[in-house]
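Bear in mind the structure is a predicted one, so any value in this text is a computation, not a measurement.
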Amino acid sequence: MTEQSGPLVQKHSEHGITTLTLNQPERRNSLSMAMLEALSAELEVIASDSKTRVVVLAAKGNVFCAGHDLREVRAQFDSHDFQLKLFNQCSKVMQQIVNLPRPVIARVAGVATAAGCQLVASCDLAVAGDTARFATPGVNIGLFCSTPMVALSRNVSRKHAMEMLLTGELISAPKAERLGLVNKVVDDQILDETVYKLARTIADKSAHTLKIGKEAFYRQLEMPLADAYEYTSEVMAENMMADDAREGICAFLEKRKPDWKDS
């Protein structure tokens, strides 16, 4: 077996953009308990890091993430406690991404399957190389992708989600874009250029405003229409009291670049 080189999750921060890279290509960057705990710990730190404005989630090697580590799962076949702990930990990480007060962009090169597909779906945005592929293939091994289904069904239509879940078949990056699983598909050679251009565009905005908007986006999705409008009206009224809202409006009217205070 290839010896692990470096931390399971590598971290690099520059110009307000923090990149978290899954770093176990020899195990197809599978979401073992150790990988999930490492990713969770990094997300917890970023949640209170005012210098990070945008997060990019990437992976080493030619597989973005192959889902759970089936060798680890097999070794614990008889332990319901372990299996429950594993899936709860995975669910925690997915919710950390959604609840993170920073936008998260998935940089997808290669295959993203099962919980790896769930990871892509949980990110706020996703950019894929044109050779990337996606699947929720649990049905093929007798283990329905029930937790990946949560994120998947919140990104694509019901019938498309059910088709992926029931067939377990791989879909191409262009099809994933058509279904709404990813935002953009580009040539593999310009994947990094595209991802970081998008990240820089977002990083130039007010971090305070992005935090407000991301939280409101996910909260209103689960509300009835009238409740969503009542809630977002209150959010906008509170947002208007923020320093950055006043600065942004004044900068626009005065035709100058805003000087964000992130407050």
Start with the C-alpha gap between Leu170 and Val111, add the side-chain angles, then the distance that decides, and say whether side chain to side chain contact (heavy atoms under 4.5 Å, CB included) holds. CA-CA 9 Å; Leu170 285 162; Val111 176; 4.2 Å; yes

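- For the pair Leu100 and Val55, the minimum side-chain heavy-atom distance is below 4.5 Å.
- Between the His12 side chain and the Thr19 main chain, no donor and acceptor come within less than 3.5 Å of each other.
- Between the Asn155 side chain and the Leu181 main chain, no donor and acceptor come within less than 3.5 Å of each other.
- In the displayed structure, Gln189 atom CD is contacted under 6.0 Å by at most 12 heavy atoms of other residues, nucleotides or ligands.
- Here NE2 of His80 is found 8.5 Å from CD of Gln83. Values are rounded to the nearest 0.5 Å.
- With hydrogens and angles disregarded, no donor-acceptor distance shorter than 3.5 Å links the side chain of Thr52 to the backbone of Val54.
- Cluster annotation: Leu8 and Val63 are assigned to distinct hydrophobic clusters (Ile/Leu/Val/Met/Phe/Trp/Tyr, side-chain heavy-atom contacts under 4.5 Å, transitive).
- For the pair Asp259 and Lys261, the salt-bridge criterion is met [side-chain N within less than 4.0 Å of a carboxylate O].
- Side-chain contact between Ile171 and Leu179 is present, with heavy atoms from C-beta onward closer than 4.5 Å.
- Hydrophobic clustering (side-chain heavy atoms under 4.5 Å, transitive across Ile, Leu, Val, Met, Phe, Trp, Tyr) groups Met149 together with Val93.
- In terms of modelled atom types and a separation under 3.5 Å, the side chain of Ser91 and the main chain of Phe87 share a donor-acceptor contact.
- Between Glu247 and Arg256, at least one side-chain nitrogen of the basic residue sits less than 4.0 Å from a carboxylate oxygen of the acidic one, meeting the salt-bridge criterion.
- One distance of note links CG of Asn88 with NZ of Lys85; it measures 10.5 Å at 0.5 Å rounding.
- For the pair Val186 and Val195, the minimum side-chain heavy-atom distance is 4.5 Å or more.
- Between the CG atom in Leu125 and the CG atom in Leu57 there is a gap of 12.5 Å [rounded to 0.5 Å].
- Thr131 pairs with exactly one of Asp188, Asn62, Asp187 by the side chain to side chain donor-acceptor pair (under 3.5 Å) rule, that one being Asp188.
- Contact annotation: the side chain of Val104 approaches that of Lys214 to within less than 4.5 Å [non-hydrogen atoms, C-beta and beyond].
- Of the possible polar contacts, none joining the Ser79 side chain to the Gln76 backbone as a donor-acceptor pair under 3.5 Å is found.
- For the pair Asn99 (side chain) and Gln95 (backbone), a donor-acceptor distance under 3.5 Å is present.
- The CG atom of Leu152 sits 11.0 Å away from atom CZ of Phe134, with the distance rounded to the nearest 0.5 Å.
- A donor-acceptor pair is defined here as one N or O able to donate and one able to accept, closer than 3.5 Å; no such pair exists between the side chain of Gln220 and the backbone of Thr232.
- A donor-acceptor pair under 3.5 Å is formed between the side chain of Trp260 and the backbone N or O of Asp204.
- In terms of hydrophobic clustering, with Ile, Leu, Val, Met, Phe, Trp and Tyr side chains grouped at heavy-atom distances under 4.5 Å, Val235 and Tyr218 are assigned to different clusters.
- Closest approach of Ser50 and Arg102 over heavy atoms only: CA-NH2, 3.8 Å.
- To the nearest 0.5 angstrom, Asp244 atom CG is 9.0 Å from Asn239 atom CG.
- Hydrophobic clustering keeps Leu119 apart from Ile105 (ILVMFWY residues linked when any side-chain heavy atoms are closer than 4.5 Å, directly or through intermediates).
- Under a hydrophobic clustering in which Ile, Leu, Val, Met, Phe, Trp and Tyr are joined whenever their side-chain heavy atoms come within less than 4.5 Å, directly or via other members, Ile97 and Met33 fall into the same cluster.
- No more than 12 heavy atoms of other residues, nucleotides or ligands lie within 6.0 Å of CE in Met162, so this atom counts as exposed by the packing criterion.
- Interatomic distance, Asn29 CG to Phe64 CZ, rounded to the nearest 0.5 Å: 8.5 Å.
- By the 4.5 Å heavy-atom criterion applied to side chains, Met94 and Gln118 are counted as neighbours.
- The main-chain N or O of Ser13 is never found under 3.5 Å from a side-chain atom of Thr18 such that the two would form a donor-acceptor pair.
- With contacts defined as side-chain heavy-atom distances shorter than 4.5 Å, the pair Leu86/Leu36 qualifies.
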Apply side-chain hydrogen bond (donor to acceptor under 3.5 Å, both in side chains) to residues Gln24 and Lys60 and explain how you reach the verdict. CA-CA 7 Å; Gln24 201 172 32; Lys60 283 279 183 70; over 6 Å; no

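- Here Arg53 pairs with Asp262 in a salt bridge; the nearest charged N to carboxylate O distance falls below 4.0 Å.
- Atom NZ of Lys11 has more than 12 heavy atoms from other residues, nucleotides or ligands within 6.0 Å.
- The shortest distance between side-chain heavy atoms of Pro103 and Leu210 falls below 4.5 Å.
- When atom types are taken as modelled, the side chain of Arg107 and the backbone of Thr21 share no donor-acceptor pair closer than 3.5 angstrom.
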